[in-house]
Amino acid sequence: MQYAHVNADGLPISLPVGKVVCVGRNYVDHIQELNNDVPDEPLLFIKPATSLCDMHQSIHIPLDKGGCHNEVEVSVLIKDRLSTASVEKTQDAVWGVGIGLDLTLRQLQDNLKQRGLPWERAKAFDNSCPMSPFVPLSQFDDLTSLAFSLTVNGEKRQNGNTSCMIWNIASLLSEISQVFTLMPGDIVMTGTPKGVGPLNVGDELILTLAEKLAIHCQVEGQ
Ligand code: ZN
């Protein structure tokens, strides 16, 4: 089924589907678990619109390309064009916040990293970006202390809080807008905390965001 943005109340959101800008290495605990260096500026990459799928459908992982890892990430839906924006200007351009998975073929990514090649084969494939409905921004007091989590088969695997980000959401949006113009309907994924690991067919997932969202879904092969 074709992806479209949905409000947490179940109604469609009248914004087009655009690119997904992702941030790598924004939580120190995750940087340490993969033995990466702490970057001196946000590490950015893009997933295309074709990577998006509705998390309420099943999550489909490739079966023939090595381990496919979960990365649970707070995800921001953009409603207004943002280009070279100051940190203060960014909040007005946010429609709302959801929770997404930056699915990653880890062995393939390691292989590409070692060879100095781009990561798209490991991170930008079809259905690599399962996305929740979005909660309107007005329902949040503060984006700098949002708790979020991923539970796999009843065990809490990732437990994050946006207060642990190296770059908070407003500074990320400002920094990204210096590089890529963010358009209405684009999504920004803000990085994953520690606890990445392989998903398997049949896994039952629960993703939560700040007591606003609790999404149940199941992993299938693709
Ligand atoms: Zn990620």
Side-chain angles (χ1 to χ4, degrees), residues 3 18-39 41-53 55 59-62 65-78 97-113 117-132 134 143 146-152 157-169 171-173 175-176 179-180 182 186-199 203 205 207-209 215 217 219:
Y3 172 84
K19 63 186 175 290
V20 183
V21 180
C22 299
V23 177
R25 302 178 195 168
N26 199 23
Y27 290 88
V28 172
D29 59 357
H30 171 61
I31 292 171
Q32 288 167 345
E33 79 177 337
L34 293 187
N35 285 321
N36 285 315
D37 296 326
V38 177
E41 59 183 7
L43 188 165
L44 304 179
F45 61 95
I46 285 180
K47 286 176 183 265
T50 45
S51 68
L52 283 162
C53 59
M55 196 177 275
I59 289 175
H60 293 269
I61 60 172
K65 298 188 170 67
C68 185
H69 278 202
N70 54 272
E71 293 192 0
V72 68
E73 311 202 3
V74 172
S75 302
V76 179
L77 178 62
I78 302 297
V97 183
I99 191 92
L101 283 172
D102 168 19
L103 293 180
T104 303
L105 293 165
R106 191 69 68 197
Q107 280 105 310
L108 185 53
Q109 186 197 24
D110 287 345
N111 180 295
L112 293 166
K113 271 159 83 173
L117 295 173
W119 299 353
E120 276 87 344
R121 283 177 175 273
K123 278 185 170 284
F125 54 92
D126 287 358
N127 299 324
S128 63
C129 196
M131 191 57 60
S132 77
F134 289 91
L143 298 186
L146 296 178
F148 62 103
S149 69
L150 169 69
T151 300
V152 181
R157 188 181 282 189
Q158 291 195 271
N159 209 355
N161 193 297
T162 58
S163 62
C164 301
M165 288 175 163
I166 299 173
W167 292 281
N168 67 25
I169 289 173
S171 37
L172 284 177
L173 295 180
E175 173 67 19
I176 289 167
V179 184
F180 312 108
L182 288 168
D186 285 353
I187 291 171
V188 172
M189 297 185 84
T190 58
T192 196
K194 76 169 183 208
V196 303
L199 293 172
D203 283 350
L205 312 186
L207 295 94
T208 68
L209 174 66
I215 313 281
C217 49
V219 178

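Quantities reported herein were computed from a predicted structural model and do not represent experimental measurements. For ligands, and for the atoms within them, numbers begin at 1 and follow the listed sequence.
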How would you list, by chain and number, every residue that makes a ring-ring contact (aromatic ring centres under 6.0 Å, His included) with F45, sequence neighbours excluded?
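For F45, the residues satisfying ring-ring contact (aromatic ring centres under 6.0 Å, His included) (neighbours in sequence not counted) are W119.
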Near the Zn ion (ligand 1), meaning under 2.8 Å, how many protein N/O/S atoms are there?
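Total protein N/O/S atoms under 2.8 Å from the Zn ion (ligand 1): 3.
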State plainly whether the residues E71 and R106 are in salt-bridge range, i.e. N to O under 4.0 Å.
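Here E71 pairs with R106 in a salt bridge, since their nearest N and O are under 4.0 Å apart.
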Decide whether Q158 and T192 meet the rule of one side-chain donor and one side-chain acceptor closer than 3.5 Å.
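Per modelled atom types, Q158 and T192 side chains form a pair under 3.5 Å.
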Step-by-step side chain to side chain contact (heavy atoms under 4.5 Å, CB included) determination, M55 to L207
CA-CA 10 Å; M55 196 177 275; L207 295 94; 3.7 Å; yes
State, with a plain yes or no, whether a side-chain heavy atom of K123 is found less than 4.5 Å away from one of C129.
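No. Closest side-chain heavy atoms not under 4.5 Å.
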Considering only heavy atoms from C-beta outward, does the side chain of Y3 approach that of P130 to under 4.5 Å?
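With C-beta onward as the side chain, the pair stays apart.
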